[in-house]
Amino acid sequence: MNIKSKIIYNRIILKISGEFLQGKNLSGVDNKLLNYLIKEIKSILPLGIELAIVIGGGNLFRGKYCKDNNNLKRVLGDQIGMLSTIINGLLLYQSIKNKLINVYLMSSFPIQGICQGYNAFQAIDLIKNNIIILTGGIGNPLFTTDTTACLRGIELEANAILKATKVNGVYSKDPVNYSDAKFFNKIDYDYVIKKKIKIMDNTAFILARDYNIPIHIFNIQKPGSLYRILTGKMEGTIIKNN
Ligand code: UDP
């Protein structure tokens, strides 16, 4: 069977958190994890799926640190957080480029000489021949890169959002503390919103629900998990409308 006949999506947004890149370090980027990530991404290229990556920045800075630690303005912290996503994006960009893969980086706000500003129509053209890295969040304080992933997914007419995490998917309760926690293969948006499931923020869920775009929550630390989702295998949790 042709490998491409197995794929379930033509265009996806992959959300990678800063926390994943950090690994066991207290902050920053673990090079081993970065290389592992590139290997997982490379493995899906033969499928020919159009891919945009939204990268977080929590390994370097989060807006809430300002408020919690230094009594600095939250907006300032968020601006630093957004800049952090660009730092991660630049690292990811160079690492992907080093493997001779076509890649393009955009930021919600341009930085002259470093990165171009995001433009949805340009991104839709470029995604046909390049992996697109989307940095800078949505460019506004008080949001997250999870919301960015959903928003860009809608704008770029992606078929799904894939949120790479360190957990296997969505459970009814915290599986570390409750042995009777139930794992969901499939779940609907109204449930995760009503139960305040914290795996993504509600703004992200509401956007995805209203624009009817599914979200896969999966454990990127399991080798091959990304490939398995894209070829229709059971992996992680899919959140969608009923
Ligand atoms: N951020 C923001 N607006 C956005 C996206 C991100 O202000 O649209 C800031 C916010 O402070 C956030 C930080 O950037 O804490 C890093 O993003 P996020 O927490 O989503 O990163 P992740 O948890 O995925 O590493």
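All ligand and atom numbering here is 1-based and tracks the order in the structure.
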ask   = Between Lys196 (side chain) and Val192 (backbone), is there a donor-acceptor pair under 3.5 Å?
value = no
inquiry  = Quick check against the 3.5 Å criterion: does Thr231 have a side-chain atom that pairs as donor or acceptor with the backbone of Ile8?
reply    = no
task = Please say whether more than 12 non-hydrogen atoms of neighbouring residues, nucleotides or ligands are located less than 6.0 Å from NZ in Lys73.
result = no
message = Polar contacts were defined as any N/O atom of the residue lying under 3.5 Å from an N/O atom of the ligand; does this apply to Gly136 and ligand 1?
response = no
remark   = atom 21 (O) of ligand 1 has as its nearest protein heavy atom Gly57 N, 3.1 Å
ask   = Does even one non-hydrogen atom of Pro141 get within less than 4.0 Å of ligand 1?
value = yes
task = Examine the proximity of ligand 1 to Asn140 and report which part, side chain or backbone, both or neither, has a heavy atom under 4.0 Å away.
result = backbone
Closest approach of any protein heavy atom to atom 20 (O) of ligand 1, naming residue and atom = Thr145 OG1, 2.5 Å
query = Which protein non-hydrogen atom lies closest to atom 1 (N) of ligand 1, naming both residue and atom, and how far is it?
reply = Phe143 O, 3.3 Å
key: For Thr147, side chain to side chain donor-acceptor pair (under 3.5 Å) partners two or more places apart   = Thr144, Asp201
ask   = Looking only at N/O atoms, are Gly58 and ligand 1 under 3.5 Å apart anywhere?
value = yes
query = What atoms in ligand 1 come closer than 4.0 Å to a heavy atom of Leu142?
reply = 7 (O)
task = Return yes if some donor-acceptor pair links the side-chain N/O of Arg11 with the main-chain N/O of Leu156 below 3.5 Å, else return no.
result = yes
query = What protein heavy atom sits nearest atom 14 (O) of ligand 1, and how far away is it?
reply = Gly81 C, 3.1 Å
inquiry  = Out of the candidates Arg152, Lys163, Lys198, only one should pair with Asp146 under the salt bridge (charged side-chain N to carboxylate O under 4.0 Å, His left out) rule; please name it.
reply    = Lys163
request  = Please confirm whether Phe184 and Tyr191 have ring centers closer than 6.0 angstrom.
outcome  = yes
message = I'd like to check which ligand 1 atoms, numbered from 1 as shown, lie under 4.0 Å from a non-hydrogen atom of Gly137.
response = 4 (C), 5 (C), 8 (O)
inquiry  = Looking at Gly169, is its backbone amide N or carbonyl O close enough to the side chain of Thr237 to form a donor-acceptor pair, meaning the two atoms are under 3.5 Å apart?
reply    = no
Protein residue, atom and distance nearest to atom 23 (O) of ligand 1, heavy-atom basis = Arg62 NH1, 2.7 Å
message = Using every non-hydrogen atom in the two residues, find where Ser27 and Asn59 come nearest and quote the distance to one decimal.
response = CB-O, 3.2 Å
request  = Tell me, please: is Leu60 in heavy-atom contact with ligand 1, that is, under 4.0 Å?
outcome  = no
ask   = Taking the six-membered ring of Phe218 as reference, does the NZ or CZ atom of Arg228 fall below 6.0 Å from its centre and within a 45° cone about the axis?
value = no
Side-chain donor or acceptor of Asn88 paired with backbone N/O of Gly56 under 3.5 Å = yes
ask   = Can a non-hydrogen atom of Phe61 be found less than 4.0 Å from any atom of ligand 1?
value = yes
query = Got an N/O contact under 3.5 Å between Gly63 and ligand 1?
reply = yes
Closest protein heavy atom to atom 11 (O) of ligand 1, given as residue, atom name and distance to 0.1 Å = Asp78 OD1, 2.5 Å
ask   = Where's the contact between Thr148 and ligand 1, heavy-atom distance under 4.0 Å: side chain, backbone, both or neither?
value = side chain
message = Around atom CD of Glu19, are there more than 12 heavy atoms from other residues, nucleotides or ligands closer than 6.0 Å?
response = no
request  = Would you tell me which option among Ile138, Leu151, Thr135, Asp201 has the nearest heavy-atom contact to atom 8 (O) of ligand 1?
outcome  = Ile138
inquiry  = Any heavy atom of Lys15 closer to ligand 1 than 4.0 angstrom?
reply    = yes
request  = Any atoms of ligand 1 less than 4.0 Å from a non-hydrogen atom of Ser17? List them with their elements.
outcome  = 24 (O), 25 (O)
query = Gly56 heavy atoms, cut-off 4.0 Å: which ligand 1 atoms fall inside?
reply = 21 (O), 22 (P), 24 (O), 25 (O)
